[in-house]
S.K.: 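Here you go, one structure.
What you are looking at is a predicted structure, and each value in this text was computed from that prediction instead of being measured.
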Amino acid sequence: MPSEKQCDTARQITGSNTPSIDINTQYRTISASDKFLLSHAIEKFLKANNVPVEGGWIVYRDQLDGIALDFLVSSATAYCIYKDWKSSK
């Protein structure tokens with residue numbers, strides 16, 4: 001589960017105002033397969049636009065927020081899921 005610091009970073013980068021408790025609830029309840037699919041969708045989008053996640057999320061916020069919405073999570077939760085997936089590779 002994301003730490004308070006990770007939640008703060010996610011909110012700052014994504015512009016989300018989702019409380020940490022909600023980020024952690026969404027993080028716990030999304031299935032492993034959806035975490036994988038969400039992470040791949042974000043990765044594909046960022047690579048297609050040739051941007052890093054931090055800079056890309058700021059520039060392409062609406063599109064990346066849409067990916068998060070497809071999986072019924074906040075953009076901050078999606079960011080945490082993606083960063084965890086990247087660190088596990």
Side-chain angles (χ1 to χ4, degrees):
M1 287 195 334
S3 68
E4 187 63 35
K5 183 177 179 180
Q6 290 168 318
C7 291
D8 287 342
T9 299
R11 281 190 292 270
Q12 182 180 32
I13 289 172
T14 64
S16 173
N17 61 0
T18 304
S20 297
I21 193 165
D22 292 343
I23 292 171
N24 280 294
T25 297
Q26 292 171 3
Y27 187 94
R28 278 192 327 272
T29 58
I30 188 171
S31 70
S33 60
D34 277 350
K35 284 179 182 177
F36 179 81
L37 293 171
L38 169 63
S39 297
H40 272 267
I42 291 171
E43 179 84 349
K44 182 178 176 182
F45 180 84
L46 293 173
K47 283 186 176 183
N49 290 284
N50 196 31
V51 291
V53 66
E54 286 80 7
W57 214 296
I58 292 167
V59 174
Y60 295 103
R61 187 170 283 165
D62 290 342
Q63 294 90 334
L64 290 163
D65 287 354
I67 294 171
L69 186 59
D70 288 344
F71 290 88
L72 305 176
V73 297
S74 72
S75 57
T77 304
Y79 176 84
C80 291
I81 289 168
Y82 175 75
K83 291 298 279 189
D84 282 350
W85 176 77
K86 284 293 280 186
S87 70
S88 71
K89 288 178 77 177

S.K.: Please say whether more than 12 non-hydrogen atoms of neighbouring residues, nucleotides or ligands are located less than 6.0 Å from CD in Gln63.
M.R.: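 Result for CD/Gln63: enclosed.
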S.K.: Report the distance from atom CG of Asn24 to atom OG1 of Thr18, rounding to the nearest 0.5 Å.
M.R.: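 Output value for this atom pair is 11.5 Å.
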S.K.: Around atom NZ of Lys44, are there more than 12 heavy atoms from other residues, nucleotides or ligands closer than 6.0 Å?
M.R.: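 Check fails, neighbour count at 12 or below.
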S.K.: Do you know the tightest heavy-atom contact between Pro2 and Ile23?
M.R.: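 Scanning both residues, the minimum pair turns out to be CG-CG2, 4.2 Å.
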S.K.: Roughly how far, to the nearest 0.5 Å, is CG of Leu37 from OG of Ser31?
M.R.: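 Separation between the atoms: 7.5 Å.
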S.K.: With salt bridge (Lys or Arg N to Asp or Glu O under 4.0 Å) as the test, would you mind laying out the steps for Asp8 and Arg11 before giving the verdict?
M.R.: CA-CA 5 Å; Asp8 287 342; Arg11 281 190 292 270; 2.4 Å; yes
S.K.: Can you see whether Tyr82 has Lys35 sitting over its ring - NZ or CZ less than 6.0 Å from the centre and within 45° of the normal?
M.R.: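 No, a cation-pi geometry is absent between Lys35 and Tyr82.
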S.K.: Honestly curious: do Ile13 and Ile81 fall in one hydrophobic cluster under the side-chain, below-4.5 Å linking rule?
M.R.: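 In one cluster: yes.
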S.K.: Is there a path of hydrophobic side-chain contacts, each under 4.5 Å between heavy atoms, that joins Leu64 and Leu72?
M.R.: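 Per the 4.5 Å side-chain linkage, Leu64 and Leu72 are not co-clustered.
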S.K.: Check the hydrophobic clustering (I, L, V, M, F, W, Y; side-chain heavy atoms under 4.5 Å; chains of links allowed) and say if Ile42 and Tyr79 are grouped together.
M.R.: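 Yes; Tyr79 is reachable from Ile42 via cluster members.
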S.K.: Between Pro52 and Leu46, what is the shortest heavy-atom contact and its length?
M.R.: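 Nearest pair, atom of Pro52 first, then Leu46: O-CD2, 4.2 Å.
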S.K.: Apply the test side-chain contact (heavy atoms from CB on, under 4.5 Å) to residues Val51 and Val59: give CA-CA distance (whole Å), side-chain angles for both, the deciding distance (0.1 Å), then the verdict.
M.R.: CA-CA 9 Å; Val51 291; Val59 174; 5.9 Å; no
S.K.: Measure across Lys86 and Glu43 and return the closest heavy-atom pair with its distance rounded to 0.1 Å.
M.R.: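 Minimum heavy-atom separation between Lys86 and Glu43: NZ-OE2, 3.3 Å.
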S.K.: I need the Thr25 OG1 to Ile30 CD1 distance, nearest 0.5 Å.
M.R.: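 Nearest 0.5 Å value for the OG1-CD1 distance: 13.0 Å.
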S.K.: What distance separates Asp70 CG from Asp65 CG, expressed to the nearest 0.5 Å?
M.R.: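 Taking CG in Asp70 and CG in Asp65, the distance rounds to 11.0 Å.
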S.K.: Could you tell me which non-hydrogen atom of Ser74 sits nearest to which non-hydrogen atom of Ala68, and how far apart they are?
M.R.: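 So the two residues come closest at O-CB, 3.8 Å.
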S.K.: What closest approach, in Å, do Arg61 and Thr14 show between heavy atoms, and which atom pair accounts for it?
M.R.: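 In this case the closest contact between Arg61 and Thr14 is NE-O, 2.9 Å.
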S.K.: In sequence, state the C-alpha distance, the side-chain angles, and the governing distance for Gln6 and Met1, and then conclude on side-chain contact (heavy atoms from CB on, under 4.5 Å).
M.R.: CA-CA 9 Å; Gln6 290 168 318; Met1 287 195 334; over 6 Å; no
S.K.: Same hydrophobic cluster for Leu69 and Phe71, using side-chain heavy-atom links shorter than 4.5 Å among ILVMFWY?
M.R.: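 Per the 4.5 Å side-chain linkage, Leu69 and Phe71 are not co-clustered.
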S.K.: Working to the nearest 0.5 Å, report the span between OG1 of Thr9 and NZ of Lys83.
M.R.: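 Nearest 0.5 Å value for the OG1-NZ distance: 9.5 Å.
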S.K.: Establish whether Val73 and Phe36 are linked, either directly or via other cluster members, by ILVMFWY side-chain heavy-atom contacts under 4.5 Å.
M.R.: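 Yes; Phe36 is reachable from Val73 via cluster members.
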